[in-house]
Amino acid sequence: MIFNIDFVLASTSKSRYFILKNAGLSFSKHTPLCDENKLKQELSIKKNSPKKISLELARQKALSVSKKIKNKIIVGSDTVIFINKKILNKAKNLKEAKNKIKLMSGKKHFIYSSASVFFNKKEIWNKTQKTTVKIRKLTEKEINIYLSTVGNEILNSVGCYQIELGGSNIIENIKGDYFNVMGFPLFPFLNFLKRANIKR
């Protein structure tokens, strides 16, 4: 490993696990101990920006685990998708997923991915990145084929697509960081680890 650092990822996201594991990092996972949906709803009602919502959710996830695990670096993360001045939520079923993809078809949407780092209940670093993604203009047949290919796994993604799981077939282009689309601002986080020089 390049970084001799061990931390706890406060997330159950397969995409984030994949990103960090393939970066050669040593870490364990812990389920966040906060009600993410309730927090997101409260923040949305107060008309916070998508950037602020993404960061605050990342913070609360990290803090919830940091309260339980002492003397460990805790990393929380969250991703918010913004389109037509609205924030998207995860689809409950494939019918909802289809409607969301129809909404995004032929349009740009904005992805805000945040990471927040806590140590002993105090935030020591955070970063939010924005990436613009445009979905191709899709026919209903193309949407049906895509959903039948990816299946229920896509319900774990806010945007009802994963760039690493066939999502490239429906994306026209992206402007920004690839890993940000997957759900984590990897390069800023690696730069933080390099500067922090925290030893196990």
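Predicted model, so just to flag it, every value in this text is computed and none were measured.
Looking at K61, its side chain never comes within 3.5 Å of a backbone N or O of L9 through a donor-acceptor pair. A donor-acceptor pair is defined here as one N or O able to donate and one able to accept, closer than 3.5 Å; such a pair exists between the side chain of S77 and the backbone of S114. Using modelled atom types, no side-chain atom of N120 and backbone atom of K70 make a donor-acceptor pair closer than 3.5 Å. Between the side chain of T149 and the backbone N or O of I145, at least one donor-acceptor pair lies under 3.5 Å. S105 places a side-chain N or O within donor-acceptor distance of the main-chain N or O of L138, the cut-off being under 3.5 Å. With hydrogens and angles disregarded, no donor-acceptor distance shorter than 3.5 Å links the side chain of S54 to the backbone of P50. The main-chain N or O of V150 is never found under 3.5 Å from a side-chain atom of E153 such that the two would form a donor-acceptor pair.
If you check the side chains of N144 and K98, you find a donor sitting under 3.5 Å from an acceptor. Side-chain atoms of Q162 and S157 form no donor-acceptor pair, as typed in the model, at a separation below 3.5 Å.
Closest of all the heavy-atom pairs between W125 and P188 is CZ2-O, 3.5 Å. Across K29 and V8, no two heavy atoms sit closer than the pair C-CG1, 4.4 Å. Shortest non-hydrogen contact noted between G151 and L94 is O-CD2, 3.7 Å. Nearest heavy-atom pair across K134 and G106 is CE-O, 3.7 Å. Between A91 and L155, the shortest heavy-atom distance links the atoms O-CD2, 3.8 Å. Nearest heavy-atom pair across L33 and S64 is N-OG, 2.9 Å.
Y146 contributes atom OH, which lies 11.0 Å from atom CZ of R136 (distance to the nearest 0.5 angstrom). Interatomic distance, CD of E42 versus CD of E56, reported as 10.5 Å (0.5 Å rounding).
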Original post:
Hey, mind stepping through I163 and Y178 against side-chain contact (heavy atoms from CB on, under 4.5 Å) and telling me if it holds?
Top reply: CA-CA 8 Å; I163 195 169; Y178 173 88; 3.5 Å; yes
Original post:
V117 and F189: side-chain contact (heavy atoms from CB on, under 4.5 Å), yes or no, with the steps?
Top reply: CA-CA 9 Å; V117 178; F189 179 64; 4.0 Å; yes
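Using cut-offs of 30° and 60° for the angle between ring planes, the F27 and Y17 rings count as perpendicular.
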Which pairs would a plain distance check flag for residues 165-177, meaning a side-chain donor or acceptor within less than 3.5 Å of a matching protein atom at least two apart in sequence or in another chain?
| residue | atom | partner | partner atom | Å |
| --- | --- | --- | --- | --- |
| N169 | ND2 | G166 | O | 3.4 |
| D177 | OD1 | F179 | N | 2.7 |
| D177 | OD1 | N180 | N | 3.3 |

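A salt bridge links K72 with D6: at least one charged nitrogen is closer than 4.0 Å to a carboxylate oxygen. Looking at K90 and E96, no side-chain N of the basic residue comes within less than 4.0 Å of a carboxylate O on the acidic one, giving no salt bridge.
Counting heavy atoms from C-beta on, the side chains of T131 and S113 never come closer than 4.5 Å.
Note on I143 and L88: same hydrophobic cluster, where clusters join Ile, Leu, Val, Met, Phe, Trp and Tyr whose side-chain heavy atoms are under 4.5 Å apart, directly or indirectly.
Among residues two or more places apart in sequence or in another chain, the side-chain hydrogen bond (donor to acceptor under 3.5 Å, both in side chains) test is passed with Q129 by none.
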